[in-house]
Amino acid sequence: MPGDTLHINNRAEEQQRYDAIVIGSGISGGWAAKELTGQGLKTLMLERGRNFEHVKDYHSASMNPWDFAHRGSETVQQRKDRPVISRGWGASEPIMDYWADEKDCPYTEIKPFNWWRSYQLGGRSILWGRQSYRWSDLDFEANKKDGWAIDWPIRYRDLAPWYDHVEKHIGVSGSMEGLPQLPDGHFLPPMDMTCVEKVVAERIKAHFKGARRMIIGRSANLTVPIAGRTRCQFRNRCWEGCPYGGYFSTQSSTLPPALATGKLTVRPFSIVTKILYDKYSRKAKGVEVLDSQTHKTYEFNAKVIFVNASALNSAWVLMNSATDLWPEGLGSSSGELGHNVMDHHYNLGASGIMEGFEDSYYYGRRPNGIYIPRFANLFGDRRAYLRGFGYQGGGNREDWSRDIAELSVGAQLKEALTEPGAWSVGIGGFGELLPYHENKISLDKNRRDKWGLPVLSMDAEIKENEYKMRKDIVSEAIAMLEAAGVQQVKGHDKGHQVGDGIHEMGTARMGRDPKTSVLNEHNQVWDAKNVFVTDGACMVSSACQNPSLTYMALTARAAAYAVDQLKKGNI
């Protein structure tokens, strides 16, 4: 896919009026572009980072470990340039330049906050974990039943057909389980569990009389070819970009059909500084863009605008679009813009050794794991906190990289490493974070980025409800593994800072009342109904499942509504 096929327009001065503008090119932005162009709208996609082309720009994806100058480890300079990413797993030599330059793009931490950003075409759709789970009405009704925050303005029935629509296009492998808390979908054949995982799953199901289940993860990795994309090659190097298109990304899945319409223009290096609001029509007329290379400012006009810059940056765009009418930003009339920041709290669980399977192994590097769906505070189970958690993990054999203390050098060490090590089983919890109004972001107008723009200030933390839940996550993980016959089980809790889960949500929530929410049930900004926000910013609660599939479904649903309203002349 050569660059000119992308309709890349690095300046675009000659064409400034479009039917639709999409801010952001990641998981939800790619879907917005696909759906809007598919309905005939001439669409401009604005990406603040560089162009990043499928296959061509996956520079490390076909390299061998020994081809890297530092064998895959981050360098001292990389740690200096990207200190936030160096706090976690993302600090890896092949992908360090996939993350935002933190010197150019700083932010303020009132409370510790790990913000993982990727400013390039495709955004974090290149880097995401691909776990794809539907929500159920147990999630959409939770706020109302618990009397917490506000009620979701939609239910599962509103989103179910859009989950169908998304899954059929992106390809999600998984197994049909019939679990009310985790609705089944349109699945490609599931990946196989390892022999140890199968045994652990059987024992957990039996011990807890079916109330707890271990299933194979539902992953947006292809197990059969679809739509010109090749099935997953089980290399487990997805975060470097897949030359085979074996997993969902903007580049492999939503951008090609959008481009095929001839209706899409992609403009990289385009920082949207504000949405331009017309108080007479009570609609947005377009956006202001700062070219990050030339530092020149442009305006682009459109009938409809989709804000998909990722949860926190989308809120930044709205807040920075302040007017005399709304001095705190477009969509701020409710007082909720920037509030209710959520994430999934994790970095805890348990692991141990499984004996008796030394004659068994597995093939390939499966880019997926197991999933244990939520069981806490469901179906008669009652805890001392609200909501619940799920687990992700797996059972694998140790490989040559393990540490053998008794054999530190020489021929004996080399010989020992030709044989696989012990089977280990580990599960890590992902817990729901409640939507606390006081967990918020705001503009720090005393601190500026490389382009002189105010940066975000982060003021969010987990609280008593989550701390109580975390104790249960560890103790239940230990109990399940021990019940399954795993030996030497040890629990762990490394602590959590908001942002660690890389599932930022909230900041511009949906709702039924413009006095308590930023968006309505169709993801429209109450204050400007031709502006739609469909990424994580729109979320009203966080559930405990990975949220990206829900973002995609919400985006497809909102795009269909936007097109319908445009045709009717309502926006």
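All figures in this text were calculated on a predicted structure; none of them were measured in a lab. Every heavy atom of this structure was used, including side-chain atoms; hydrogens, water molecules and symmetry mates were not.
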| field | Presence of salt bridge, Glu167 and Arg218, under 4.0 angstrom | value | no
| said: Between Arg157 and Asp137 (salt bridge meaning N to carboxylate O under 4.0 Å), is one present in this structure? | reply: no
| said: Going by side chain to side chain donor-acceptor pair (under 3.5 Å), name the residues that satisfy it together with Asn320, two or more places apart in sequence or in a different chain. | reply: none
| query | How about Asp472 and Tyr385: does a side-chain donor come under 3.5 Å of a side-chain acceptor? | reply | yes
| query | With the threshold set at 4.0 Å, does a side-chain nitrogen-carboxylate oxygen contact exist between Arg124 and Glu504? | reply | yes
| Salt bridge or not for Lys283 and Asp278, using N-O below 4.0 Å? | no
| field | Side-chain (Asp184) to main-chain (Gly178) donor-acceptor, under 3.5 angstrom | value | yes
| field | Shortest non-hydrogen separation from Pro367 to Arg130 and the atoms involved | value | O-NH2, 3.1 Å
| Is a salt bridge present between Arg87 and Glu102, judged by a nitrogen-to-oxygen distance below 4.0 Å? | no
| field | Results of side-chain contact (heavy atoms from CB on, under 4.5 Å) for Thr37 - residues two or more places apart only | value | Thr43, Ala258, Thr261, Lys263, Leu264
| task | Kindly assign one of parallel, tilted or perpendicular to the pair Tyr107 and Phe113, based on the angle between their ring planes and the thresholds 30° and 60°. | result | perpendicular
| request: State whether Glu464 and Lys468 are salt-bridged, where the test is any N-O pair (Lys NZ or Arg NE/NH1/NH2 against Asp/Glu carboxylate O) under 4.0 Å. | output: yes
